[in-house]
> 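So that we are looking at the same thing, I have put the structure below in structure tokens.
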Amino acid sequence: MKFKMLGLLLVSTLALAAAATAAAPPIVAKAIAVGTMQATTIHAQSGTAVLDSITIRPGGNFGWHVHGAPVAVIVTGGTLTVFDPKVQGCAPFKVSKGQSFVEPANHIHLARNDGTTNVTLYAFYLGFKDPSQANVAKTQPKGCNA
């Protein structure tokens, strides 16, 4: 009788363990930021990938700069003002929460927070040869008044 009970208990335990294992997904993914974007073609080189979480306080300004690798940006809070000499004659454009954009490597631009609340964003750099090249200061290009 003890062996029958032990056997029944063992079979029941294995059945419960199998059911619990089958119910749990083998991979769990959670989006940490989502943003709409325009189609783009980016050529990334081999190297280091870096994901930065960035907060820009009101009045904060990156200054004119380039990145040593392509970067995909998702704005998760506030509104970022961007100046790009290749977009509408360097007229400022806004990128707000839930929007994103992609910049090629070594492309000059300026981004700042003209609002009254923090701007938060994720920047995913694709293929640095040298991660110290994340933001390289440059001078203001002709025709841009930011």
Side-chain angles (χ1 to χ4, degrees), residues 6 8-146:
L6 185 58
L8 183 58
L9 182 61
L10 180 60
V11 169
S12 298
T13 302
L14 289 173
L16 286 173
T21 301
I27 298 171
V28 178
K30 179 182 175 190
I32 57 172
V34 177
T36 58
M37 63 176 278
Q38 301 295 317
T40 186
T41 302
I42 292 293
H43 300 282
Q45 61 189 9
S46 60
T48 304
V50 176
L51 176 62
D52 279 343
S53 174
I54 299 172
T55 300
I56 306 103
R57 292 189 176 96
N61 186 333
F62 286 97
W64 290 99
H65 66 283
V66 299
H67 306 289
V71 60
V73 175
I74 300 173
V75 177
T76 58
T79 299
L80 190 66
T81 302
V82 181
F83 294 82
D84 184 327
K86 295 193 177 193
V87 177
Q88 299 175 9
C90 210
F93 63 92
K94 306 285 186 179
V95 185
S96 298
K97 178 181 179 180
Q99 296 179 314
S100 61
F101 59 98
V102 179
E103 300 167 352
N106 303 308
H107 177 77
I108 191 166
H109 59 286
L110 179 143
R112 68 185 187 202
N113 181 355
D114 291 335
T116 58
T117 61
N118 287 348
V119 171
T120 55
L121 59 87
Y122 288 101
F124 184 42
Y125 301 93
L126 305 168
F128 281 122
K129 293 247 187 243
D130 177 0
S132 71
Q133 300 296 304
N135 290 294
V136 178
K138 295 292 182 181
T139 58
Q140 179 172 300
K142 291 181 181 178
C144 291
N145 295 309

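Values in this document were obtained by computation on a predicted structure and should not be read as measured data.
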> Taking all non-hydrogen atoms of both residues into account, name the closest pair between A44 and P70 and its distance.
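The pair with the smallest heavy-atom distance is CA-CG, 4.1 Å.
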> Might you point out which heavy atoms bring Y125 and A134 nearest each other, and give the distance in Å?
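Heavy atoms only, the tightest pair is CE2-O, 3.9 Å.
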> Would you check if S100 and F124 make a side-chain contact, meaning some heavy-atom pair closer than 4.5 Å?
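Sidechains of F124 and S100: no contact.
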> Ignoring hydrogens and geometry beyond distance, is a side-chain donor-acceptor pair present between N118 and T120 at under 3.5 Å?
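There is no such pair (donor and acceptor under 3.5 Å, judged by atom type) between the side chains of N118 and T120.
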> Which label fits F93 and F101: parallel for a plane angle under 30°, tilted from 30 to 60°, or perpendicular past 60°?
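Geometry flag for F101 against F93: perpendicular rings.
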> Roughly how far, to the nearest 0.5 Å, is the CG atom of N106 from the NZ atom of K138?
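Reported to 0.5 Å precision, the distance equals 7.5 Å.
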> Is any side-chain heavy atom of Q140 closer than 4.5 Å to a side-chain heavy atom of I108?
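The answer is no, as the side chains (C-beta and beyond) never meet within the 4.5 Å cut-off.
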> Taking atom CG of N113 and atom CZ of F62, what is their separation to the nearest 0.5 Å?
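N113 atom CG to F62 atom CZ measures 9.5 Å (nearest 0.5 Å).
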> Would you list the pairs meeting disulfide (SG to SG under 2.5 Å) in which at least one residue belongs to residues 62-102, sequence neighbours left out?
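Residue pairs with at least one partner in residues 62-102: C90-C144.
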> Taking all heavy atoms of G115 and all of P58, pick out the closest pair and write down the distance.
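Heavy atoms of G115 and P58 come nearest at O-CB, 3.3 Å.
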> With distance as the sole test, does Q133 use its side chain to make a donor-acceptor pair with the main-chain N or O of D130 at under 3.5 Å?
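No, Q133 side chain to D130 backbone: no donor-acceptor pair under 3.5 Å.
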> Would you call the rings of H65 and H67 parallel, tilted or perpendicular, taking 30° and 60° as the class edges?
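Rings of H65 and H67: perpendicular, over 60°.
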> Return the CD1 to OG1 distance between I54 and T76, rounded to the nearest 0.5 Å.
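Going from CD1 on I54 over to OG1 on T76, the span is 10.0 Å.
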> If I take atom CG from residue D84 and atom NE2 from residue H107, how far apart are they, to the nearest 0.5 angstrom?
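Taking CG in D84 and NE2 in H107, the distance rounds to 3.0 Å.
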> Sort and list the pairs that fulfil disulfide (SG to SG under 2.5 Å) and have at least one residue in residues 99-134, not counting sequence neighbours.
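Sorted result for residues 99-134: empty, none.
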> Locate the shortest heavy-atom distance separating V71 from A123; write the atom from each residue and the value.
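So the two residues come closest at CG2-CB, 3.8 Å.
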> Where do V75 and L121 come nearest, in terms of heavy atoms and distance?
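In terms of heavy atoms, the two residues are closest at CA-CB, 4.0 Å.
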> Kindly compute the distance separating OG1 (T48) from NZ (K129), expressed to the nearest 0.5 Å.
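Taking OG1 in T48 and NZ in K129, the distance rounds to 9.5 Å.
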> To the nearest 0.5 Å, how far apart are CG in D114 and CG in N61?
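One finds 8.5 Å between CG of D114 and CG of N61.
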> Between H109 and V87, is any pair of side-chain heavy atoms under 4.5 Å apart?
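A side-chain contact under 4.5 Å is absent here.
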